[in-house]
Undergrad: 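My structure is below; once you've seen it, I'll send some questions.
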There are 2 protein chains.
Amino acid sequence: MSDLLERLRGRGWRLTAQRRVVAEVLDGDHVHLTADEVHARAVTKLPEISRATVYNTLGELVSLGEVLEVSTDRRAKRYDPNAHRPHHHLVCAQCGAIRDVHPAGDPLSDLPDSERFGFTVSGVEVTYRGVCPHCAAA
Amino acid sequence: MSDLLERLRGRGWRLTAQRRVVAEVLDGDHVHLTADEVHARAVTKLPEISRATVYNTLGELVSLGEVLEVSTDRRAKRYDPNAHRPHHHLVCAQCGAIRDVHPAGDPLSDLPDSERFGFTVSGVEVTYRGVCPHCAAA
DNA sequence: TGCTTGACTTAGACAATGTCTATCGTAGGA
DNA sequence: TCCTACGATAGACATTGTCTAAGTCAAGCA
């Protein structure tokens with residue numbers, strides 16, 4: 001994580017306590033947190049941190065490419081610190097659990113020119129839907 | 001569209017003026033409308049239709065499998081009347097335009113068991129991102 | 001070390017989207 | 001035609017995210 005802080009510093013970031021805390025939260029073992037969850041965890045470390053700051057900081061991390069935004073449902077964006085390895089997501093339709101997955105093949109190459117309608121296609125997101133073992137057992 | 005109305009009737013739907021109007025709007029040539037856009041168009045045909053009714057009706061159409069929910073951004077769900085032919089979506093990152101696309105290959109078969117983590121995988125959504133010709137020219 | 005400055009943070013209002021509830025209306029069967 | 005359960009309605013409410021104006025502070029510089 002100090003890697004991340006150093007990288008950010010190198011990009012001209014002012015290193016404030018709030019930003020440090022947000023980075024720490026994302027570095028924990030819980031992945032795919034919502035902005036609100038990030039805020040909740042950040043508050044336990046720095047009670048006076050505001051919601052706007054968390055949103056701002058997450059937005060900055062995303063635009064710097066350090067964190068990915070994931071939109072697997074309409075409820076809330078989730079933030080995926082695993083930005084440096086391309087991957088897709090597998091989502092439980094019942095409990096919302098998310099796993100990173102690495103399918104074979106490249107969906108981009110599956111889209112022929114005739115299906116691109118003149119678009120400059122730059123990326124693709126794949127979301128698998130299913131039921132996780134825990135929900136299936138219940 | 002009368003097809004659709006007949007199908008719905010066959011499923012025990014009560015055929016009200018409001019539901020008829022929502023179905024008509026979806027049957028128009030504009031695809032991928034948001035709930036709000038559907039409401040706006042419905043109001044021109046039936047001024048007293050309420051927002052809740054549009055939401056309810058769309059939700060019912062979705063659960064009946066007559067319409068697909070599409071979530072290409074965090075702004076709003078969109079409703080895709082093209083539910084009977086499997087397809088994916090190509091979205092302009094600038095203006096939000098959406099096209100239906102039919103890529104080759106089947107992403108489901110690209111996900112090996114070792115990457116399923118015990119999930120029962122039932123579906124997959126693929127969203128291509130890019131810039132449409134119109135925005136590229138601007 | 002002690003200023004200065006502009007970037008950062010804050011609280012809270014606001015906006016957009018969607019959901020819920022209590023009440024009223026009506027489609028369709030008897 | 002009348003009844004009744006299902007559907008529609010208005011509007012409050014919830015959630016998520018954005019914006020603004022004012023205060024605060026990290027980092028560079030003397």
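Only a predicted model underlies this, so the values are computations on that prediction, with no experimental measurement involved. The chains referred to below are lettered A, B, ... by the order of the sequence lines, with proteins before strands, and numbering in each begins at 1. Hydrogens, waters and symmetry mates play no part in the numbers below; they use all other heavy atoms, side chains included.
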Undergrad: Between B:Y55 (OH) and C:dT19 (C1'), how many Å, whole number?
TA: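 Checked: the OH to C1' distance equals 9 Å.
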Undergrad: Take the protein atom CZ of B:R51 and the nucleotide atom P of D:dG11, then report the distance between them rounded to whole Å.
TA: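 Rounded to the whole Å, the gap is 12 Å.
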Undergrad: Just the rounded figure in Å: distance from P of D:dT9 to CZ of B:R19.
TA: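 After rounding, the gap between these two atoms is 11 Å.
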Undergrad: For nucleotides 20-30 of chain C, read 5' to 3', which letter fits each nucleotide if B means a protein heavy atom sits under 4.0 Å from the base, S means only the sugar-phosphate is that close, and - means neither?
TA: B----BBBS--
Undergrad: Going by atom types only, do B:H89 and B:D80 share a side-chain donor-acceptor pair under 3.5 Å?
TA: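 Yes, because at least one side-chain N or O of B:H89 sits under 3.5 Å from a partner of the opposite role on B:D80.
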Undergrad: Would you say A:R75 places a side-chain N or O within less than 4.0 Å of OP1 or OP2 belonging to C:dG18?
TA: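 It does not, given that no N or O in the side chain of A:R75 lies less than 4.0 Å from OP1 or OP2 of C:dG18.
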Undergrad: Take atom CD of B:E60 and atom P of C:dG18, then tell me their distance rounded to the nearest Å.
TA: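 Those two atoms, CD and P, are 16 Å apart.
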Undergrad: In whole Å, what is the span from the CD1 atom of B:I49 to the C1' atom of D:dG7?
TA: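 Whole-Å distance recorded here is 11 Å.
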Undergrad: Which whole-number value in Å describes the distance from A:Q18 CD to D:dC25 C1'?
TA: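 So the CD-C1' distance, A:Q18 to D:dC25, works out to 9 Å.
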Undergrad: Verify the neighbour count for atom CZ of A:R11: are there more than 12 heavy atoms of other residues, nucleotides or ligands below 6.0 Å?
TA: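 Yes, because the 6.0 Å sphere around CZ of A:R11 holds more than 12 heavy atoms from other groups.
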Undergrad: Cut-off 3.5 Å, side chains only: do B:H88 and B:D100 have a donor facing an acceptor?
TA: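 No, because no side-chain N or O of B:H88 sits under 3.5 Å from a partner of the opposite role on B:D100.
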Undergrad: Would you call A:E69-A:R78 a salt bridge at under 4.0 Å N-O?
TA: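 Result for this pair is no, no salt bridge flagged.
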Undergrad: Could you check how far CG of B:L8 sits from P of D:dG7, rounded to whole Å?
TA: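 It is 12 Å, rounded to the nearest whole Å.
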Undergrad: Between B:R19 and B:E60, is there a side-chain N and carboxylate O pair less than 4.0 Å apart?
TA: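 Yes.
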Undergrad: Grab the two heavy atoms, one from B:Y55 and one from B:A35, that are nearest each other, plus how far apart they are.
TA: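 Taking every non-hydrogen atom into account, CE2-CB, 3.7 Å.
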Undergrad: B:L46 CG to D:dA8 P: how many Å, rounded?
TA: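 Taking atom P of D:dA8 as the reference, CG of B:L46 is at 10 Å.
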